*Asks:* 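After the structure tokens below, expect a handful of questions from me.
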There are 2 protein chains.
Amino acid sequence: MPTPHYGQPRYRTIADELRQRIESGAIPPGALLPTESALTAEFRASRGTVRQAIAVLREADAVTTEHGRGTYVKTRPPEYGPVEDTATETQRRQIAADPELAALFAVDAGTALMEQQSVTRTDGVVGVVTRTYRLLHRR
Amino acid sequence: MPTPHYGQPRYRTIADELRQRIESGAIPPGALLPTESALTAEFRASRGTVRQAIAVLREADAVTTEHGRGTYVKTRPPEYGPVEDTATETQRRQIAADPELAALFAVDAGTALMEQQSVTRTDGVVGVVTRTYRLLHRR
DNA sequence: AGAAATTTGTCCGTATGTATC
DNA sequence: AGATACATACGGACAAATTTC
């Protein structure tokens, strides 16, 4: 049997109190809520109860919690969309061995080699290009 | 970005992404991984998280890290079967951008680029040559 | 050769997430 | 409910190795 609560559960009381502080401007948008341990001390509740209260606010989209940082008062719904788009495109083609490659592979200069070129872009900007050379008919 | 309820820690997600780039050849054996700060920017994660991701790859013997230098892709993960003697030698040099590279990096043809060439030999026989190109001292 | 910039190594502190007792 | 332990995550600071200018 759960602890008898008169009126409403403890976590809801705490949530309401915090919500009022936010709406009153006592904790302005963008500001950090007191830490869980601070709230634990202030309301003399267990950490679990405090977390439950914060979860209510989070569910109501009034705050966001960031791992390792704390819980912030929201200003507006978080923006969506890919923050950063990294993509690699690869193409294969045959090329003629330049003198250095020819020497390495022990073939005549001009011999056809397989080239795999990978272009990695971040937000459309080319960051690195790699060219891999192999003899034909090999793994 | 608010911390979602994870199914998987961030560092593992980052490690998986990097592993895939390695296996796809986008980051070939002997090549350098992006720097910690570059990865920090790309994945919007803290340096510690990025380092943890790299530690996963290092643990898996997929890469090696050198102080002040960077993290290199290893020639090959542990392999079964007959023991082959595989070695990769790497050299770096500045080269003039050919027309294709110039177009990719949006610079004039002939502009100096950093080229890193890795030659992988198996039992003395050249198996694959990779050349990776980057812009000089940028960012 | 030397100074500055890069890049990785290490340590500290704070805070949340999750699990267990 | 409470307490503890450990994992995950962020941030700052400084040191050490290397590269670049």
Side-chain angles (χ1 to χ4, degrees), chain A residues 1-5 9-14 18 27 30-59 63-74 83 127-128, chain B residues 1-18 27 31-59 62-74 90-95 111-117 132-139:
Chain A
M1 184 179 88
T3 304
H5 49 272
R10 196 128 157 66
Y11 73 88
R12 198 155 275 293
T13 303
I14 297 174
L18 291 177
I27 310 179
L32 274 173
L33 254 63
T35 66
E36 292 179 352
S37 79
L39 294 174
T40 294
E42 178 183 340
F43 292 103
R44 303 196 191 286
S46 73
R47 191 179 164 210
T49 302
V50 166
R51 285 177 58 74
Q52 206 170 350
I54 292 177
V56 169
L57 299 178
R58 194 162 41 228
E59 196 64 26
V63 301
T64 58
T65 300
E66 295 185 22
H67 203 164
R69 300 211 57 78
T71 298
Y72 293 86
V73 177
K74 264 198 178 179
V83 195
V128 60
Chain B
M1 183 166 29
T3 305
H5 300 339
Y6 335 98
Q8 190 184 226
R10 298 244 296 150
Y11 73 88
R12 208 161 276 287
T13 303
I14 296 173
D16 288 343
E17 167 63 25
L18 292 177
I27 310 180
L32 278 171
L33 255 63
T35 65
E36 292 177 355
S37 85
L39 294 174
T40 293
E42 179 183 339
F43 292 104
R44 300 274 191 268
S46 72
R47 195 182 157 210
T49 302
V50 166
R51 285 177 59 77
Q52 207 168 351
I54 293 175
V56 169
L57 299 179
R58 197 162 37 227
E59 197 65 24
V63 301
T64 57
T65 300
E66 296 179 24
H67 194 168
R69 230 172 252 191
T71 298
Y72 294 84
V73 177
K74 268 200 173 177
T90 300
Q91 57 176 312
R92 294 164 75 175
R93 60 195 174 193
Q94 294 187 14
I95 54 92
T111 300
L113 293 179
M114 176 60 72
E115 178 193 76
Q116 177 180 307
Q117 175 172 289
T132 81
Y133 302 92
R134 290 187 177 83
L135 289 175
L136 256 45
H137 52 66
R138 79 177 189 296
R139 190 177 312 106

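Because only heavy atoms are used, hydrogens play no part in the values below, and waters and symmetry mates are left out as well, while side chains stay in. This structure is a prediction, so every number in the text was calculated from the model and none was measured. All chains are named by letter (A, B, ...) in the order of the sequence lines, taking the proteins before the strands, and each is independently numbered beginning at 1.
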*Asks:* With a 4.5 Å limit on heavy-atom distance, are the side chains of I27(B) and L33(B) in contact?
*Replies:*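 With C-beta onward as the side chain, the pair touches.
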
*Asks:* Compare side-chain N and O positions of Y11(B) against OP1 and OP2 of dT8(D) and report whether any pair is under 4.0 Å apart.
*Replies:*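 For dT8(D), OP1/OP2 do have a side-chain N/O of Y11(B) under 4.0 Å.
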
*Asks:* Check step by step if salt bridge (Lys or Arg N to Asp or Glu O under 4.0 Å) holds for R92(B) and E115(B).
*Replies:* CA-CA 6 Å; R92(B) 294 164 75 175; E115(B) 178 193 76; over 6 Å; no

*Asks:* Scan nucleotides 12-16 of chain D against the protein and return all N/O pairs shorter than 3.5 Å with their distances rounded to 0.1 Å.
*Replies:*
residue: dA16(D); atom: N3; partner: H67(B); partner atom: NE2; Å: 2.9

*Asks:* Under the side-chain hydrogen bond (donor to acceptor under 3.5 Å, both in side chains) rule, collect the residues that match up with Q52(B), sequence neighbours excluded.
*Replies:*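 Not a single residue meets the side-chain hydrogen bond (donor to acceptor under 3.5 Å, both in side chains) criterion with Q52(B).
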
*Asks:* Kindly calculate the angle separating the two end axes of the helix from dG2(C)-dC21(D) to dC21(C)-dG2(D), each obtained from five base pairs, and round it to 10 degrees.
*Replies:*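 End-to-end axis angle for the helix from dG2(C)-dC21(D) to dC21(C)-dG2(D): 10°, rounded to 10°.
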
*Asks:* Whole Å only: how far is the CG atom of L32(B) from the P atom of dT20(D)?
*Replies:*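 That distance rounds to 11 Å.
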
*Asks:* Could you tell me whether G48(B) contacts a base, only the sugar-phosphate backbone, or nothing, with contacts defined as non-hydrogen atoms closer than 4.0 Å?
*Replies:*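 G48(B): no heavy atom of the nucleic acid under 4.0 Å.
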
*Asks:* Measure from the side chain of S37(B), starting at C-beta and using heavy atoms only, and say which of dT7(C), dG17(C), dG9(C) lies closest.
*Replies:*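 Nearest nucleotide to the side chain: dT7(C).
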
*Asks:* Rounded to the nearest Å, what distance is computed from the CG atom of residue L33(A) to the C1' atom of nucleotide dT16(C)?
*Replies:*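 It works out to 13 Å between those atoms.
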
*Asks:* Output the single nucleotide from dG9(C), dC10(D), dT7(C) whose closest atom is nearest the side chain of S46(B).
*Replies:*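 Out of dG9(C), dC10(D), dT7(C), the nucleotide with an atom closest to S46(B)'s side chain is dC10(D).
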
*Asks:* Of the candidate nucleotides dC10(D), dT7(C), dG9(C), which contains the atom at the shortest distance from the side chain of R10(B)?
*Replies:*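 Between dC10(D), dT7(C), dG9(C), the one nearest the side chain of R10(B) would be dC10(D).
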
*Asks:* Atom CZ in F43(B), atom CG in L18(B): separation rounded to 0.5 Å?
*Replies:*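 One finds 5.0 Å between CZ of F43(B) and CG of L18(B).
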
*Asks:* Looking at T49(B) and A45(B), would you say the former's side chain and the latter's main chain have a donor-acceptor pair under 3.5 Å?
*Replies:*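 It does not hold such a pair.
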
*Asks:* Which whole-number value in Å describes the distance from R44(B) CZ to dG11(D) C1'?
*Replies:*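 Nearest whole value for this atom pair: 17 Å.
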
*Asks:* Measure from CZ on R134(B) to P on dT6(C) and round the result to the nearest Å.
*Replies:*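 Between P of dT6(C) and CZ of R134(B): 16 Å.
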
*Asks:* What's the spacing between Y72(B) OH and T90(B) OG1 if we round to 0.5 Å?
*Replies:*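 Reported value, rounded in 0.5 Å steps: 7.0 Å.
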
*Asks:* Evaluate the side chain to side chain donor-acceptor pair (under 3.5 Å) criterion for residues T132(B) and Q116(B): first the C-alpha distance (whole Å), next the side-chain angles of each, then the deciding distance (0.1 Å), finally the verdict.
*Replies:* CA-CA 5 Å; T132(B) 81; Q116(B) 177 180 307; 4.9 Å; no

*Asks:* Taking everything shown except Q91(B) itself, do over 12 heavy atoms lie less than 6.0 Å from its CD?
*Replies:*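 Yes - once you tally the heavy atoms of other residues, nucleotides and ligands closer than 6.0 Å, there are more than 12.
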
*Asks:* Specify the separation, in whole Å, of atom CG of L136(B) and atom C1' of dT19(D).
*Replies:*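 The answer, rounded to whole Å, is 11 Å.
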
*Asks:* Starting from P on dC11(C), measure out to CZ on R51(B) and report it in whole angstrom.
*Replies:*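 Going from R51(B) (CZ) to dC11(C) (P), I get 11 Å.
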
*Asks:* Between atom CZ in R93(B) and atom P in dT20(D), what is the gap in whole Å?
*Replies:*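 That distance rounds to 15 Å.
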
*Asks:* Given T65(B) and R58(B), is the side chain to side chain donor-acceptor pair (under 3.5 Å) satisfied, shown in steps?
*Replies:* CA-CA 8 Å; T65(B) 300; R58(B) 197 162 37 227; 2.6 Å; yes

*Asks:* Can you check whether Q52(B) has a side-chain N or O nearer than 4.0 Å to OP1 or OP2 of dA9(D)?
*Replies:*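 Looking at the OP1 and OP2 atoms of dA9(D), neither is under 4.0 Å from any side-chain N or O of Q52(B).
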
*Asks:* For side chain to side chain contact (heavy atoms under 4.5 Å, CB included), just list the numbers for Q94(B) and L136(B), CA-CA rounded to whole Å, side-chain angles, deciding distance to a tenth of an Å, and then say yes or no.
*Replies:* CA-CA 9 Å; Q94(B) 294 187 14; L136(B) 256 45; 3.6 Å; yes

*Asks:* For the pair made of CD in Q116(B) and C1' in dT19(D), what is the distance, rounded to whole Å?
*Replies:*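 Spelled out: CD on Q116(B) to C1' on dT19(D) is 13 Å.
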
*Asks:* Counting only side-chain nitrogens and oxygens, does T49(B) get under 4.0 Å of the OP1 or OP2 atom of dT8(D)?
*Replies:*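 The answer is no; no side-chain N or O of T49(B) sits under 4.0 Å from OP1 or OP2.
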
